[in-house]
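Take a look at the structure set out below.
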Amino acid sequence: MKTILITGASRGIGAATALLAAKENYAVVVNYNKNKNAADTVVSQIQNEGGTAVAIQADITKEQDVVKLFSETKRVFGNLDILINNAGILERQMKFESMNMERISHIFKTNVFAQFLCTQEAIKQMALSKGGNGGVIVNVSSLASKSGAPGEYIDYASAKGAIDTFTIGLSKEVANEGIRVNAVRPAFIYTDIHSDGGESDRIKRIQDTIPLKRGGHPKEVAEAILWLASEKSSYCTGIFIDISGGK
Ligand code: NAP
């Protein structure tokens with residue numbers, strides 16, 4: 001049984017990926033930060049259906065938490081096979097000129113530096129040269145890396161741009177370590193994140209401009225993430241799948 005660690009798996013896209021991964025016979029690490037109840041619910045749902053999962057709290061912006069997350073994963077399930085860098089945050093919509101540095105730092109810390117930390121710990125367990133068996137990393141970017149999110153959250157979009165560049169560079173650097181690195185770029189997915197941006201009905205406002213005329217469901221993103229995680233995509237590295245209703 002392969003082990004998959006999903007950051008931010010208590011809710012939204014991460015939770016959907018955890019549930020689907022368990023159905024596909026992975027041992028699942030459900031990472032969360034604050035929402036223990038939601039993470040425990042995901043784990044119970046998996047276990048009730050006969051799957052294997054554990055919830056591990058870690059604020060992935062904190063280096064000591066990340067080290068603990070990966071060592072605990074290894075202790076419980078052995079070497080990690082797949083990392084899904086999913087956890088991410090939005091701040092309130094506003095013009096770029098109004099964003100203070102505290103906000104921008106928080107966005108980059110959570111959406112970029114935390115992914116760097118998690119990925120470094122994953123490579124230590126996966127790399128062939130370190131005695132690992134290789135592995136797969138899937139980064140959850142955003143279509144915002146291409147649109148730039150003007151008037152809403154340019155800071156967030158820029159952070160996702162950094163994740164795209166990271167995906168390209170890292171995929172080439174660790175290919176000979178047996179590690180593939182790919183990304184998904186969702187948009188307009190029905191999750192709590194839009195409330196954090198200050199507009200819970202954002203998808204409703206935008207949906208007429210989406211070619212498929214609707215928002216997406218977390219499971220529709222999970223399907224692409226798990227395809228990239230699986231051997232079905234064995235000749236893909238450094239690629240992006242846009243899951244954005246045609247926009
Ligand atoms: P969500 O429903 O708001 O869930 C966010 C998850 O991230 C939660 O599980 C949360 O944990 C976790 N998290 C936040 N900060 C964390 C930290 N410091 N340490 C550990 N976990 C942390 O978000 P979502 O919409 O599913 O988004 C998932 C990913 O998809 C993000 O990277 C987001 O940028 C990306 N994305 C989403 C959309 C969309 O339309 N929804 C579009 C493009 C990209 P707690 O529950 O413990 O707080």
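Numbering of residues begins at 1 and proceeds along the displayed sequence. Being a predicted model, the structure only gives us computed values, none of them experimental. Note that ligands are numbered from 1 as they come in the structure, with each ligand's atoms numbered from 1 the same way.
Ile4 is not listed as a side-chain neighbour of Val29, based on a closest heavy-atom distance of 4.5 Å or more. Taking 4.5 Å as the limit, some side-chain heavy atom of Leu226 sits within range of a side-chain heavy atom of Glu24. Side-chain contact check for Phe96 versus Ser158: every heavy-atom pair is 4.5 Å or farther apart.
Near Ala58, the atoms of ligand 1 lying under 4.0 angstrom from a non-hydrogen atom of the residue are 19 (N), 20 (C). Atoms of ligand 1 lying under 4.0 Å from any heavy atom of Asp192, numbered from 1 in the order shown and given with element: 2 (O). Less than 4.0 angstrom separates some heavy atom of Ile189 from each of these atoms of ligand 1: 39 (C), 40 (O), 41 (N). When each atom of ligand 1 is checked for a heavy atom of Phe188 under 4.0 Å away, the hits are 40 (O).
In terms of polar-atom proximity, Asn33 is counted as a contact of ligand 1, with an N or O under 3.5 Å from an N or O of the ligand. In terms of polar-atom proximity, Gly8 is counted as a contact of ligand 1, with an N or O under 3.5 Å from an N or O of the ligand. Remark: ligand 1 and Ile60 share an N or O pair separated by less than 3.5 Å (distance only, no angle test). Close N/O approach between Tyr32 and ligand 1 is not found [any backbone or side-chain N/O within under 3.5 Å]. For a threshold of 3.5 Å applied to N or O pairs, the pair formed by Asn35 and ligand 1 contains at least one separation below that value.
Heavy atoms of Lys160 approach ligand 1 to within less than 4.0 angstrom.
Side-chain contact, Ser234 with Arg180: no donor N or O sits under 3.5 Å from an acceptor N or O.
Looking at His194 against ligand 1, only its side chain comes within 4.0 Å, counting heavy atoms.
Across Asn86, Ile13, Ile163, Asn37, heavy-atom proximity to atom 29 (C) of ligand 1 is greatest for Asn86.
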